[in-house]
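Data block below; observations after.
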Number of protein chains: 2
Amino acid sequence: MSFFSQSRKIRHDKLKDKIAESPFMTDSELAVFLNVSVATVRLDRMTLGIPEVRERVLLVAEKHVSDSDGISEIIDIEENVRGVSVMNTNEEMCFPGTDIVKSQYIYSMAEDVAMKVTNMKAALINVANIKYKSTVNKGVKLVARCSVKSVRTSDSLVWVMVYNNSVEVFRCKFLMQEKGCDRS
Amino acid sequence: MSFFSQSRKIRHDKLKDKIAESPFMTDSELAVFLNVSVATVRLDRMTLGIPEVRERVLLVAEKHVSDSDGISEIIDIEENVRGVSVMNTNEEMCFPGTDIVKSQYIYSMAEDVAMKVTNMKAALINVANIKYKSTVNKGVKLVARCSVKSVRTSDSLVWVMVYNNSVEVFRCKFLMQEKGCDRS
DNA sequence: GTTAATATTATCACCTGGTAATAAATTAAT
DNA sequence: ATTAATTTATTACCAGGTGATAATATTAAC
């Protein structure tokens, strides 16, 4: 079929790379970049199955809103005593190509609930001792239970345990110190 | 002046709320929602300084790309031995209303570099012992140095230290265990 | 009830960034 | 030089707007 479509193949690759790199470029911008006509860019997009700018922008934007709902939510709280939060795990939280949630998301959940319970605006978590019991998969509902073990003027000692379907998957101790907006 | 602009005020509030809640609605969809004409929606948007759908979508999308470049970047690596990564801190990473970066971002940086250095696809971080020396503000460049202390068939012991302008701000020990995509 | 002010709606021409289809020009291989 | 693949140009159309102007409510005050 295409014996001399070398240049075209190269252009297709350049197009794919460019769009992956900066998805908000219009066809005419891409035409300038590739040094071809707008018509050619459109043809190339069609054959490669790449949607138009507006759809590409929309895809990125929708992804954004979908991963900001992965935030944990406080469902019960007794200030400086205890608190409970929940978080649904999703695709975005996983190691690429797997169903296993990165521990940083569980850590974040723990930090967030600890901050709420201790009612701190900003904190330095001096020490954290963490134990993960098992991996967590996407699509599960995690529950974090936080309890304050001691409150001192200088710092607070807080425990957080995270459960997946009543099975403990994570626990940590935080030694937290409140910080103002000023530099220490 | 505006004696009977009560209903208009209410409509303006409804409009602002709706757009904040779901920013991807077109004027005609908003018109149906508010039970007014498209012309009115446009006028309202103008007086409230709300941009059109496409710009709103673009804003959300741009926000998305801007905070995914807050991700740490590996700049040097010797597999299973050591590695260095850098990350620029930004507004998005801070406790609301402050310039202090949440520890979860520093933890994430540490986890990411540890994963790269140990060349694991997915891992269970069994134990993490963490010490934060001081708070980190937005707008700084953090450098993480990771070194592998021991590699065994079952697990690896990894240290990560994070520096802000040569001052150590964070250190941790990870006991990491590689996991496949299968459930354990 | 009439009037004047304010609010809403309708209409029109125009813009951007596309789709879809077709014809014409270019280019490489034989 | 001929042929076939490839690229470009052209045209008509669409969605979701902007901006301006005019017509039509709606309401308060007289």
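Keep in mind the model is a prediction, meaning the values are calculated, not measured. Just so we're on the same page: letters track the sequence lines, and every chain starts at 1.
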Has Ser37(B) got a side-chain N or O lying under 4.0 Å from the OP1 or OP2 atom of dT9(C)? yes

Is Val36(A) touching bases, backbone alone, or none of the nucleic acid, heavy atoms closer than 4.0 Å? sugar-phosphate

May I ask you to check whether Tyr107(A) and Tyr132(A) place their ring centers less than 6.0 Å from one another? no

What's the CZ-P distance between Arg42(B) and dT11(C), to the nearest Å? 14 Å

Expressed in angstrom and rounded to an integer, what is the separation of Asn35(B) atom CG from dA7(C) atom C1'? 16 Å

Can you identify which nucleotide, out of dT9(C), dG18(C), dT18(D), has its nearest atom closest to the Arg45(B) side chain? dT18(D)

Is the phosphate of dT8(C), meaning OP1 or OP2, less than 4.0 Å from a side-chain N or O of Arg11(B)? yes

Just compare dG17(D), dT7(D), dA9(D) and give me whichever is closest to any side-chain atom of Asp27(B). dG17(D)

How close or far is atom C1' of dT9(C) from atom CG of Asp44(B), stated in whole angstroms? 12 Å

Output the rounded distance in Å from CD (Glu55(B)) to C1' (dT16(C)). 12 Å

Out of dG16(D), dT8(D), dT6(D), whichever nucleotide has its closest atom nearest the side chain of Arg8(A): dT6(D)

In whole Å, I'd like the distance from the CZ atom of Arg56(A) to the P atom of dG18(C). 7 Å

Backbone N/O of Asp99(A) and side chain of Asn137(A): donor-acceptor pair under 3.5 Å: yes

Would you kindly compare Ser28(A) and Ala39(B) by the position of their nearest DNA chain C nucleotide and give the one closer to the 5′ end? Ala39(B)

Of dG17(C), dG16(D), dT9(C), the nucleotide closest to the side chain of Thr26(B) is dG16(D)

I'd like to know if Asp155(B) and Arg152(B) make a salt bridge, using a cut-off of under 4.0 Å between side-chain N and carboxylate O. yes

Tell me: CE of Met46(A) to P of dA21(C), nearest whole Å? 11 Å

So do Val113(A) and Ile74(A) actually touch side chain to side chain, heavy atoms under 4.5 Å? yes

His12(B) NE2 to dT8(C) P, in whole Å, measures 7 Å

Judged by atom type as modelled, is there a donor-acceptor pair below 3.5 Å linking the side chain of Ser72(A) to the main-chain atoms of Met87(A)? no

Could you state the atom-to-atom distance from CG of Leu43(B) to C1' of dT8(C) in whole Å? 8 Å

Taking the minimum atom-to-atom distance to the side chain of Arg54(A), which one of dG19(D), dT16(C), dT9(C) wins? dT16(C)

